[in-house]
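Data block below; observations after.
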2 protein chains.
Amino acid sequence: MQEETTTLANKVCELILKDIVTGAIGQGQKLNEPELARIHGISRGPLREAMGRLEAMRLITRVPNVGARVVQLSYDVLLEIYQIRESLEGLAARLAAETMTGEEKLSLRALLTSHHKHLLDTQGQSYFQQEGDVDFHYRIIHGSKNQRLIDMLAGDLYQLVRMYRYQFSWSSNRPQQALKEHDQICSAIEESDGELAEWLMKRHINNARNNILASMNHQKHPNLEKYHE
Amino acid sequence: MQEETTTLANKVCELILKDIVTGAIGQGQKLNEPELARIHGISRGPLREAMGRLEAMRLITRVPNVGARVVQLSYDVLLEIYQIRESLEGLAARLAAETMTGEEKLSLRALLTSHHKHLLDTQGQSYFQQEGDVDFHYRIIHGSKNQRLIDMLAGDLYQLVRMYRYQFSWSSNRPQQALKEHDQICSAIEESDGELAEWLMKRHINNARNNILASMNHQKHPNLEKYHE
DNA sequence: TATCCTAAAAGTGTTGACAATATGACATGC
DNA sequence: GCATGTCATATTGTCAACACTTTTAGGATA
């Protein structure tokens, strides 16, 4: 059994990451180094390293000699991210269709089946659906076998996507439609039809993007009250 | 005049970045913290921050309690990167065609004109051509106005691309063809034809990728002698 | 000679203190 | 009243020393 050798900076980074994603540390909030260090019971050295990684993920922004703040979420940035997701996950879907093993494909199908069951049970609901969606996309991303692509999507970009999910609390208001689209993508992958998988994935994400655009007009700036601490 | 307020970690990060990209610090080489700190006349604190950023760019890899090494370049990873570039720069070209200002378009055309002149003067040569190519793609990337996309491409991915250019010392052996493709892309952008610009850019990068594939068969593992220090 | 063990050396992770910079309150002049 | 300058405070940037882990070198044993 390989005991995960890790470092203080690593552990604290994950803790703060979770707090930022879930909103325990709100958007735009200042990160005070001595305070954060005291809270987590470490010194400022490792804490600053952790903050460096959060900055690299673009969850916080730092200004020299001034300090770090959690990013401000906005519809504009969210749309930017979905443009990128459309391109990159389209690519991932194509590669996945071309390189996924039979075992991986079976596992992906099993995941969809369980989603389908849960959707029937719960009348299409929220938290599971959200994380389930993340799971599905994760599988395909990793199925691409392109390590750089995996790092970009699953490592960095998805933390932001999850942050939006939590804090804009938009539960894909079309779960059955999304599941159907997942099903189509899965089928294309099963048939090793890379071109189709890519096209379906891009349309799937573009649909989600249009969904965001539509909700922008109804409900402007959902979390505006959380501007500053 | 705005004096750029910066930090030691920033400056040293750029210095080491240059050394890694150009090969002054070779592939796979170990980065010794006390030694590097002494060389740059700083303490290990800021140095470790700088190394954290290089790790985020994936120019070095770190193992807890063991240390950091410069990444090993390989054709496989290079091909992975070109797959990603094809997707993302295709997107960038489309967005650039849709959003670039008239001024930006004129400037882009001027850049190409100067490239054309230099190509005639020098019979299609190397260093300028390489950095010129980088310039052209930079312009389009920034023209996309998608900040996240800009950061991903220009901030991180291109450092690796430059590193490969230096160390595999492959000077696009088809400069006139590349320039022609640049010209086509530029025209599409000038006409605000996003769809065409995207398609041309993807084909352009795919051509470069095929070029790499071809040279793989002739010249295997160009810098293999630089394995370890 | 090869293998294992042990101890010294080197290197990384972490800490607390110091230096440099920014923030905010207050006073002063217009 | 408003802008500007000054000072105290808080916060960030940097450093040097300490603690722990890994690596290396040497010798003992088979």
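Chain letters run A, B, ... following the sequence lines, proteins first, then strands; residues in each count from 1.
A side-chain donor from one of B/H204 and B/H182 sits under 3.5 Å from a side-chain acceptor of the other. Judged by distance alone, the side chains of B/R165 and B/Y158 never bring a donor and an acceptor atom under 3.5 Å apart.
Residues passing the side chain to side chain donor-acceptor pair (under 3.5 Å) test with B/Q147 are B/D151, sequence neighbours excluded.
The existence of a salt bridge linking B/R44 and B/E33 is confirmed by a sub-4.0 Å separation between a basic side-chain nitrogen and an acidic carboxylate oxygen. A salt bridge is absent between B/E14 and B/K18: the closest approach of a Lys/Arg side-chain nitrogen to an acidic carboxylate oxygen does not fall below 4.0 angstrom.
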Reading nucleotides 7-23 of chain C from 5' to 3' and marking B where a protein heavy atom lies under 4.0 Å of the base, S where only the sugar-phosphate is that close, and - otherwise, the string is ----SBBBB-B---SSS

